[in-house]
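What you see is a predicted model; the values in this text were computed from it and never measured.
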Amino acid sequence: MRAFLVLVGLCGLVGFVDAATVAAADRPNVILIMTDDQGYGDLGATGNPLIRTPNIDAMAKRSAQMERFYVSPVCAPTRACLMTGRYNYRTRAIDTYIGRAMMETDEVTIAEMLGAAGYATGIFGKWHLGDNYPLRAMDQGFQESFVIRGGGIGQPSDPPGGEGKYTDPILFHNGQEAPQTGYCTDVYFDAAMNWIETQHDSHTPFFAYIPTNAPHGPFDDVPEAEYEQYKKIDLGNDQFPQETGHRLPKKANQDKRARIFAMISNVDANVGRLFEKLDALKITDNTLVIFMVDNGPNGMRYVAGMRGMKSRVHEGGIRSPFYVHWPARLKAGQSSDRIAAHIDVLPTLLDACEVPVPEGVQLDGRSVLPLLEGKADDWPDRTIYIQAHRGDVPVRFHNFVAINQDWTLLNDSGFGREKLPRPPQFELYDMTADPLQMHNVAAEQADVAKQMRQAYETWFDDVSSTREDNYATPRIYLGTPHENPVVLTRQDWRRTSRDSGWQPDSRGYWELFVATAGRYDVTVTYKPRAYKETLSLKMGGKTLTADVAADSTEHTFRDVELTAGDARLTLDLVRVGKREAVRGPWQVSVSKQAESPK
């Protein structure tokens, strides 16, 4: 079904691709770099006096930029918006874990659009929109996929042997486990540059997406040389500009900050290496390179006087630098103060690459290429909406912000709660007179606040009715030739326990679709316990049980008969003699057995 839908969605490109192949050499190559949890203020170019980012700073000077560029306050929503040009609430990717970072496969991605237009497409780093078929980057248009699983290294999606390993990580190359040597960010850029050179040698225009997982935690495994340099520096909050805007708290964890800055400086060094590669290949002029971040910083630190951090909807949690380096077409230093956001990246790239929007695809973003070129004298105002919080279903007014050119309306109710903790407490800011959001004028400008609330409600109703059962969880497929075995992790299960779903004793289930009926082997891995347990498997109306010895870590149910269609898989371990001592597995591998010859 999905393949048919994608083919229909891209059919409007077929004639264009055939007619335009001769002009492919004139189209720009595209490289999109996005770091994870970096934040607006973690660059010398944005006023940070202590961080060392000479290569990105130099890129900024050579680039055109959007001065007010917005992202979501957390990562997976930003990634869904980036890939589709649509608000993430339309895509079913509404949270960052336990099944809610999976993106609806009917969405048509920038990789699918550019790939249909003759571009080679590759991803190197963090996808975070689904780890299994048909949700993976390699199923969503990326011809070359070199990625981590889940939302980051050091999470329950880590492959065995790769737990928390930023150095010598275990990655997945086109779906296959691939142990690596070196620091993860270096590995991504090495792979991307090798792939870029291959595309250049074959005279193929390319789209390289390099979404690093640095400087996301954990922070125990960081680039050592950079870390040693930052350990020698006073990184206290009083060492950063405090003259205007919101002051930072008095105390800071300087060791953690040194580790984060080390990860960022390592990214910067790789950006420098990337431009050296482009220069060596003599393709710098007609390669469009974007640098941005996915959300605010992972900690309360310098954000150029703004308020907020990752997960918050004030400026510091949602502002990103947005540098676009394209010497063949964009002037160094050209900038625009018009608002723009993650939803605008896809239409901007299509515009730059002269690729039309596929028939039937409706975008929320707009191309900002005219602004980057300085050719948009009469740019109509608009309102951008951003919202993110935990849970299965978005809640009206919960942790949202509405942004137009002059005003910002928000309710900073917190990302971590699934429900509104109290009635909305609206804040309104005059972004012309008060760009750092120092004075809430909701009471004084009640008419403006009312109008923006009403417009937000119209938007919320619209995105919430994009498709039938709009916020249903996408399903993972079993029994396809695209992925066998299928490894299920806590990243994409649905929790039944009250905790985060990632704790050692968490419980949950997976929503699946069995594409082919037949016999399957289900291998369950779990953390060892010093006592006996009973392992139960529930799926498709049947229950299987097995005795689990003390200190064991794995059990396989063999010859499990599965019928085709939707299914829910639940696995529980119960301590013998203690019914209340129930826990879930760590990971599960489901493998379809080969059909016996007739």
Atom pair CD/CG of Q451 and N404 - distance to nearest 0.5 Å: 7.5 Å
Heavy-atom donor-acceptor pair, Q437 side chain to E315 backbone, under 3.5 Å: yes
4.5 Å side-chain heavy-atom contact, T96 and R390: yes
Under 3.5 Å donor-acceptor, Q143 side chain and Y119 backbone: yes
CG on D279 to OG1 on T284, rounded to 0.5 Å: 3.5 Å
Any side-chain heavy-atom pair of F206 and T204 under 4.5 Å: no
L43 backbone acceptor or donor facing T53 side chain under 3.5 Å: no
Whether F207 and Y209 hold their rings parallel, tilted or perpendicular, with breakpoints at 30° and 60°: parallel
Backbone N/O of V463 and side chain of T466: donor-acceptor pair under 3.5 Å: yes
Heavy-atom pair of closest approach, residues S157 and D131: CB-OD2, 4.1 Å
Donor-acceptor pair, side chain of R319 and main chain of E67, under 3.5 angstrom: yes
Over all atoms of both residues, closest heavy-atom pair of L436 and A304: CD2-O, 3.8 Å
Pair W195 and F146, ring centroids less than 6.0 Å apart: no
Any donor-acceptor pair under 3.5 Å from D434 side chain to D430 backbone: no
Within 6.0 angstrom of D447 CG, more than 12 heavy atoms from elsewhere: no
Heavy-atom pair of closest approach, residues A80 and A93: CB-CB, 3.9 Å
Aromatic plane relationship, Y89 with F460 - under 30° parallel, 30 to 60° tilted, over 60° perpendicular: perpendicular
Any donor-acceptor pair under 3.5 Å from S413 side chain to N399 backbone: yes
Ring centroid separation F275 to H325 under 6.0 Å: yes
Rounded distance [0.5 Å steps], CG in N213 versus CG in D37: 10.0 Å
For R100, all residues meeting salt bridge (Lys or Arg N to Asp or Glu O under 4.0 Å), sequence neighbours excluded: D392
Modelled atom types, side-chain donor and acceptor of R475 and Y477, under 3.5 Å: no
Flag, side chain of S320 to backbone of F69, donor-acceptor distance under 3.5 Å: no
Side chains of N29 and N286, donor plus acceptor under 3.5 Å: no
